[in-house]
2 protein chains.
Amino acid sequence: MQQVTRQDVARLAGTSPAVVSYVLNNGPRPVAPSTRIRVQDAIETLGYRPNQLARALRSQRSNTIGLVVPDSSEAFFTELVHAVEQAAFAAGSLVLLGNSRFDRRQELRYLESLASMQVSGILLVRSESGESETEGRDLADLGVPAVYLNHRAPRDSGATSVLLANHRGGSTLTEHLIAHGHRRIGCLTGTAPSGPVFDRAEGWAAAMRAAALDPSFVLRTGLDRHSTREQVKAWLQGPEPPDAIVATADGLALDALSAAQEIGLRVPGDLAVVGFGGTGPSAHSWPPLTTIGHPFADFGRLALETLTSVQKQAQSVPDHVLDVDLIVRRSCGC
Amino acid sequence: MQQVTRQDVARLAGTSPAVVSYVLNNGPRPVAPSTRIRVQDAIETLGYRPNQLARALRSQRSNTIGLVVPDSSEAFFTELVHAVEQAAFAAGSLVLLGNSRFDRRQELRYLESLASMQVSGILLVRSESGESETEGRDLADLGVPAVYLNHRAPRDSGATSVLLANHRGGSTLTEHLIAHGHRRIGCLTGTAPSGPVFDRAEGWAAAMRAAALDPSFVLRTGLDRHSTREQVKAWLQGPEPPDAIVATADGLALDALSAAQEIGLRVPGDLAVVGFGGTGPSAHSWPPLTTIGHPFADFGRLALETLTSVQKQAQSVPDHVLDVDLIVRRSCGC
DNA sequence: ATGAAAGCGCTAACAT
DNA sequence: ATGTTAGCGCTTTCAT
């Protein structure tokens, strides 16, 4: 099954290969209407489809961007990926997705693969673990414009990032619970020493301090869901149980919710629980989760715009921080 | 920021560009050990990364396969995508993912994009809706080896598919509930007139008939989660409520679960609920869901192997059906 | 064992 | 308005 080339089209249309290009690209030079029609007919009858590899090789632009995330099956990343895809599609670009599986080596492998596929830019959501090691240099080495997503760019890298207002979100949630009359507001979080989840916890702590409440009332859990639930149960049945929980991610909140229900606690009656993320599952729990929603569509658009600026300008592009908003549902007691 | 080319490496290593290729590809011709080392050093110091576009253009193989699914954020597809990625990665291939969003036009657009990017093969999970329209021809037209996943290939297409034993799974679930003593076993399903979900419902019906139970005790719901729950509630509170529900997908089962709980029913005490899929969320509901698990890893591997056979052999490759297994948890009453 | 050279299918500058 | 031609960076067949 031979590939149909531009030559074949030209032959059938009785013209030169160049003209076929001009028709396909609407330029860079004009084509007589009659010729254009002959060419279009030839394309149609032959079922000609331009070889994008050749096109990209020649023109040095692939109209393809790379997106690397830790795990696109986690709700947050799922939505993020979708948003980027939509924005890219609208801009006529294709997205190549890579899952780093929270593994630095895998991440690097993908970055190199993408770079060698000549993507025109890379969007990277770094995994949160292994923060301060072989930082920054990686993206710069690639020789491809890149933007960090959901994570501050490494200090010395000069790279740009697009972020969400995590700190502000953490405070907002906490203030909402305080307004509900809660005082023993615990923070349920992972163990990351920095990054978005850390910022959320910081936001909680800031709001606690501002209300003269205890900013060290924290439960740090592992990554495994089963042990998380056991830890939460122990906390709730311990000597000083919280009367409200701010979880730094929806998944964590959902785990806390079911853990509480397993030991007979009513939510929000006995315990208020709020999450962070606003992705699908949070709306379908019982009770539905009060949480912080992310403007994913804006995020995707902004990520692409920022990448475009980075591509054009040699000098550094400023970071962007997108605002987040409180989604009030039932689990807070509203 | 100039791209480092094979020329540059050759110059630095004091050899010809061809030799650089021989080193990179371990062939097709031998290279003297000393030369090889000089070349590798040059590659290292220059940070040379072969241009995959040029390589693919020249060698007519891209080592890249396309995967099109309706929505990679749905748990089932998420796992499927992951499995394919793993299998592809193991085989040294890259996966280009496209989400058709259950839209036939979008699906076609992706298929054409992928074909024109010269992928070496395409794996397609068709959306279930709009079954019998412009069938089959699409994949054949592309001139790219392709395999249908999770869906029988259109009758006249001669294309190969890799499937799961959906019918068998539906029966297995139903037989399990019958063994629990249930008789009023309802089937909760979508509206698809064929495809995997339809096969599951058929499996349920077959098991019902085999036990001389009513094989028309079905609730068909829309796609929207809210209305699904309302319909389920109405069913459970109606004149002839089921005492067990076989849902044709985990998501549906989860909705039924929370709908039942909202109206005060205890699961599995008052009502047994079983799902189909065995993806993450089904394990983390309360009670955890008894369901049909899919051998995703095998599925991914088999999909890739099948694609490879299709690539080599001109004649038709037979379909594959993978077995599924019952995952017994709590929601059935076990 | 290695160098030179011919393309892969395309774009875009050079021609007319 | 259109034809001719020189590459993009690579693989691979000719040469030697």
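We name chains A, B, ... by the order of the sequence lines, and we start the count at 1 in each one. Since this is a predicted model, take the numbers as computed values, not measurements.
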task = Mark yes or no for whether B/S62, through its side chain, and B/Q118, through its backbone, hold a donor-acceptor pair below 3.5 Å.
result = yes

task = Could you tell me whether the side chain of B/R29 has a donor or acceptor atom within less than 3.5 Å of a complementary atom in the base of D/dT12?
result = no

message = Within the 4.0 Å heavy-atom criterion, would you say B/R36 contacts the bases, only the backbone, or no part of the nucleic acid?
response = nothing

ask   = Closer to the 5' end of DNA chain C via nearest nucleotide, is it B/T15 or A/T5?
value = B/T15

inquiry  = Tell me whether the side-chain N/O atoms of B/S59 come closer than 4.0 Å to OP1 or OP2 in C/dC8.
reply    = no

message = Looking at A/D319 and A/R152, is any side-chain nitrogen of the basic one under 4.0 Å from a carboxylate oxygen of the acidic one?
response = no

note = B/Q3 CD to D/dG7 C1', in whole Å, measures 15 Å

inquiry  = Side-chain N or O of B/R11 versus OP1/OP2 of C/dG3: is the shortest distance under 4.0 Å?
reply    = no

NZ/NE/NH1/NH2 to OD/OE distance under 4.0 Å, A/E107 and A/R104 = yes

ask   = How close or far is atom P of C/dG7 from atom CD of A/Q7, stated in whole angstroms?
value = 13 Å

query = Judged by atom type as modelled, is there a donor-acceptor pair below 3.5 Å linking the side chain of B/T160 to the main-chain atoms of B/V317?
reply = yes

request  = Could you check if a side-chain atom of A/L94 sits within less than 4.5 angstrom of a side-chain atom of B/M117, using non-hydrogen atoms only?
outcome  = yes

Stretch residues 46-54 of chain A: residues that reach within less than 4.0 Å of DNA chain C through a heavy atom = A/Y48, A/P50, A/N51, A/A54

Length of the line joining B/L57:CG and C/dA6:P, which is rounded to integer Å = 18 Å

key: Spacing of B/L24 atom CG relative to D/dG9 atom P, expressed in whole Å   = 15 Å

message = Suppose we call a contact any N or O donor and acceptor under 3.5 Å apart; does that hold for the side chain of B/R58 and the base of C/dG7?
response = yes

query = Given that B/V31 and B/Q60 both sit by DNA chain C, which one's nearest nucleotide is further toward the 5' end?
reply = B/V31

query = For the pair made of CG in B/D8 and P in D/dG9, what is the distance, rounded to whole Å?
reply = 9 Å

task = State whether A/S21 places a side-chain N or O below 4.0 Å from either non-bridging phosphate oxygen (OP1 or OP2) of C/dA12.
result = no

ask   = Once you round it to whole Å, what is the distance between C1' of D/dG9 and CG of B/N25?
value = 13 Å

ask   = Going by an N to O cut-off under 4.0 Å, is there a salt bridge joining B/D41 and B/R38?
value = no

message = Could you check whether A/N63 and A/S93, counting side-chain N and O atoms only, form a donor-acceptor pair closer than 3.5 Å?
response = no

key: For atom CE of A/M117 and atom P of D/dC10, their distance in whole Å   = 14 Å

Interatomic distance, A/Y22 OH vs C/dC10 P [rounded to whole Å] = 15 Å

query = Side chains of A/L163 and A/L149: closer than 4.5 Å at any heavy-atom pair?
reply = no

request  = Among the candidates C/dA4, D/dT2, D/dC10, find the nucleotide nearest to the side-chain atoms of A/V19.
outcome  = D/dT2

query = With sugar-phosphate meaning primed atoms plus P, OP1 and OP2, does A/A18 contact a base, only sugar-phosphate, or nothing at under 4.0 Å between heavy atoms?
reply = base

